[in-house]
2 protein chains.
Amino acid sequence: MTSGVRNARPPQPTLEMVAAEAGVSRATVSRVVNGSPKVRPEVVVSVTAAIERLNYVPNRAARSLASRQTQSVALVVPEDMTKFFGDPYFAAVVQGITQRLDESDYTLNLLVASTDPRHKTMRYLRAGNVDGALVISHHTGDNFVADLESTMPVVFGGRPTNDSGANNYFVDVDNIAGSMSGVQHLVDIGRRRIGTITGPVDMPAGIDRLTGFRRVLENAGLATDAVEHADFTASGAAAATRRLLERCPDIDALFVASDLMATGALGVLAELGRAVPRDIAVVAYDDSPAATSGPIGMTTVSQPSKEMGFAMADLLLRLLADDETVPHRNIMPTSLVLRESA
Amino acid sequence: MTSGVRNARPPQPTLEMVAAEAGVSRATVSRVVNGSPKVRPEVVVSVTAAIERLNYVPNRAARSLASRQTQSVALVVPEDMTKFFGDPYFAAVVQGITQRLDESDYTLNLLVASTDPRHKTMRYLRAGNVDGALVISHHTGDNFVADLESTMPVVFGGRPTNDSGANNYFVDVDNIAGSMSGVQHLVDIGRRRIGTITGPVDMPAGIDRLTGFRRVLENAGLATDAVEHADFTASGAAAATRRLLERCPDIDALFVASDLMATGALGVLAELGRAVPRDIAVVAYDDSPAATSGPIGMTTVSQPSKEMGFAMADLLLRLLADDETVPHRNIMPTSLVLRESA
DNA sequence: TACCAAAATGAGAGCGCTCTCACAACCCCG
DNA sequence: CGGGGTTGTGAGAGCGCTCTCATTTTGGTA
């Protein structure tokens, strides 16, 4: 058999070749490539020219092997693809992350993990493919995280479920305060029979937003039984809304734990002929594009998703730079955005 | 300064250490790790045990440097994040790709390129980070592709814009035939003043779907002037729909080049009080979740997006395996799915 | 002009793995 | 029981880069 497709490609130029071309040593070329200050300017010029001439690009594997760094970080998302792509919240976070990374020399590796067996993801991570990891949307059961943390720096989006020791690094909002502001608004506009569609209760974001809901209603002396759990998807929320309306047909307000879920809830409400906000006022959470893309603008608890992504990446990068002054937690502000739905 | 965060991690075990632990040579451990058949079964057992004991995971960089392969492929998407995340079409394709890759030892690197300067993406690719690349959603102006192809095997999703030599590998549907089936349906149900919202005309998918539209109308002896261009986003399509309605208020049918764009168009139609399908029948393209998630089910040209992703990955993997029998093109079937909108 | 510190450069030893050989152990058969 | 295969195993040379150190060059000073 002749050499196949793969081997037919012309070999990439190497450091060695650039060195020969420029008439200097490998070490000097390496210095130029890495921007070391201790190279004579005229040498820098001639080496740069040689690099240009040969169209040289350093080999990542070799560099990574020698330097024991990869210059890349992973974003681990323990959800399935559909959920990941379906929720504009993730889009915003990823955008923030890439924005920060683009300012650096690091690249991002996306690991959406339920499509992979967890096992495969961990092998990938432990095989030295990345210098650090960002973890978002993680659940109580995801104990791969402890493993990960013993291998490399990890930054969480959202308070990790095992945040006992307070030595985790994470970026989050105060979900309790956030949801309280949303639910309080419902109370303030005179609603008295308020229900909620929660996120998964194996995630801090799900739990905390429910806690905020309960706290406000208890303070106001209102019933807290109109609760249905869902999974941060539109269809899950739609089903939960149906269940809730069946069980508590008298509700006059609904707090939904995410914008995406609110689109599902709003669909059911429309279908059932419950006018929003007249019959039922709705407050959502996220302030993602989903809040404004539907027929009715959502009143929603705004969290800076993109900025959170940015902050996560920033935190990780500083950790990787051995910056010892980084704070363990970065709690960002929320605010209530009023639109038509409540 | 003391050793920081990065260096504080315990070093990973190496092949050498496993070899010592098992009392064999490095080469033998390597054979076991790579599943070579020429190792005595009892040796395999003892080496496997040693690997287990040390919790050994082979170092990717070293392996890649020595073998000149990375076991990973890139998915290059020359769009910005928002567009990428916003369109369920991409979600389906990515899902298909990962599904195929999960059966193999390859991993996926997502490069959504407009956030990166093109330059950075190319450097990454050329630095030997991946063995091959998948390119979707590429535009006429994206000439980085030629560069890429000289470096590694590339498979396109959608006929590439420069498909002159017919030596590109790609997976596509017959967009002309697909759109013709959709537009023909509009003609068949008696519509006579048919408009279209197109995709970008610097993309084959945009051009071909428009061509199909024109062809049907010309065959039927109908006017083909009710055309507005958009960019495969919901908001772009909404604006285009407004322009179209302004210019041709008399249209009784609309062919929209993607489901996502149709959501935008449908929104405008609803806002303007044009009943669908009574006043204006709408046919979309993709048959993504967007076609069924709105208030009215879309009649749409169904293309097997997920299967296309799968096929792309499959093609690339076979190319990487030096399979010389792979066909250059894989044209998949479309079908018209009838729902309420037309 | 001679001398020494500082700056610039090069030599060379790895990083952890793969892969080609050479060698050793074993098999069958005449 | 020796020749000629197999088959399994180990030694060792890289893969392309970084980084430490020794060496050379430079420039400032007496």
Side-chain angles (χ1 to χ4, degrees), chain A residues 3 6-7 9-47 50-51 54-72 105 123 126-129 131, chain B residues 3 6-7 9-47 50-51 54-72 105 123 126-129 131:
Chain A
S3 75
R6 193 172 50 240
N7 312 317
R9 310 279 156 176
Q12 295 286 334
T14 69
L15 242 209
E16 192 84 51
M17 295 165 66
V18 174
E21 172 83 14
V24 297
S25 74
R26 236 174 32 235
T28 297
V29 178
S30 176
R31 288 190 187 97
V32 172
V33 169
N34 295 296
S36 159
K38 39 181 59 176
V39 182
R40 282 214 320 280
E42 61 263 39
V43 174
V44 173
V45 169
S46 79
V47 169
I51 289 175
L54 298 181
N55 199 12
Y56 167 76
V57 176
N59 179 299
R60 253 309 186 57
R63 177 181 277 196
S64 149
L65 180 58
S67 67
R68 322 181 114 284
Q69 297 194 183
T70 64
Q71 295 294 98
S72 60
D105 284 329
R123 279 185 66 83
R126 290 203 40 221
N129 280 290
D131 296 337
Chain B
S3 75
R6 192 172 52 239
N7 313 316
R9 311 278 155 175
Q12 295 285 333
T14 69
L15 243 208
E16 192 84 49
M17 296 165 66
V18 174
E21 173 83 15
V24 297
S25 75
R26 235 173 33 231
T28 299
V29 178
S30 176
R31 288 189 187 97
V32 172
V33 169
N34 295 296
S36 159
K38 38 182 59 175
V39 181
R40 284 213 321 280
E42 61 262 41
V43 175
V44 173
V45 169
S46 79
V47 170
I51 288 175
L54 298 182
N55 198 13
Y56 167 76
V57 175
N59 179 298
R60 251 312 185 58
R63 178 181 277 199
S64 151
L65 180 59
S67 68
R68 322 179 113 283
Q69 298 194 181
T70 64
Q71 295 293 100
S72 60
D105 284 328
R123 280 186 66 83
R126 290 203 40 221
N129 280 290
D131 296 338

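Computed over heavy atoms, backbone and side chain alike; hydrogens, waters and symmetry mates excluded. The chains referred to below are lettered A, B, ... by the order of the sequence lines, with proteins before strands, and numbering in each begins at 1.
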Taking 4.0 Å as the cut-off, does a side-chain nitrogen or oxygen of B/R26 come that near to OP1 or OP2 on D/dA11? no
Is there a side-chain polar atom (N or O) of A/R60 under 4.0 Å from OP1 or OP2 of D/dG16? no
Under 4.0 Å: is that the gap between some side-chain N or O of B/N59 and OP1 or OP2 of C/dC15? no
On DNA chain C, does the nearest nucleotide to B/Q12 precede the nearest nucleotide to A/K38 from the 5' side, or the other way round? Give the residue. A/K38
Rounding to a whole Å, what distance do you find between A/Q71:CD and D/dT18:P? 11 Å
Using whole Å, report how far CE of B/M17 lies from C1' of C/dC17. 15 Å
Return the value, rounded to whole Å, for the distance between atom CD of A/E42 and atom P of D/dT25. 15 Å
From C-beta outward on B/A62, which listed nucleotide comes closest to its side chain: C/dC17, C/dT20, D/dG16? C/dC17
Quickly work out the A/Y56 OH to D/dG16 P distance and round it to whole Å. 10 Å
Check the distance between D/dC17's P and A/L15's CG and give it to me in whole angstrom. 4 Å
Just the rounded figure in Å: distance from C1' of D/dC17 to CZ of A/R63. 8 Å
Quick check for you: among C/dT9, D/dG10, D/dG14, whose closest atom lies nearest to any side-chain atom of B/A66? D/dG14
Need one value for A/V43: base, sugar-phosphate or nothing, where a base atom within 4.0 Å counts as base even if backbone is also close, heavy atoms only. sugar-phosphate
Are OP1 or OP2 of D/dG10 and a side-chain N or O of B/S25 less than 4.0 angstrom apart? yes
Of all the heavy-atom pairs spanning A/D105 and A/R60, show the shortest one and how long it is. O-NH2, 4.2 Å
For C/dT18 and B/S30 - does any side-chain N or O of the residue sit under 4.0 Å from the phosphate oxygens OP1/OP2? yes
Roughly how many Å is it from CG in B/D105 to P in C/dT18, rounded to a whole number? 13 Å
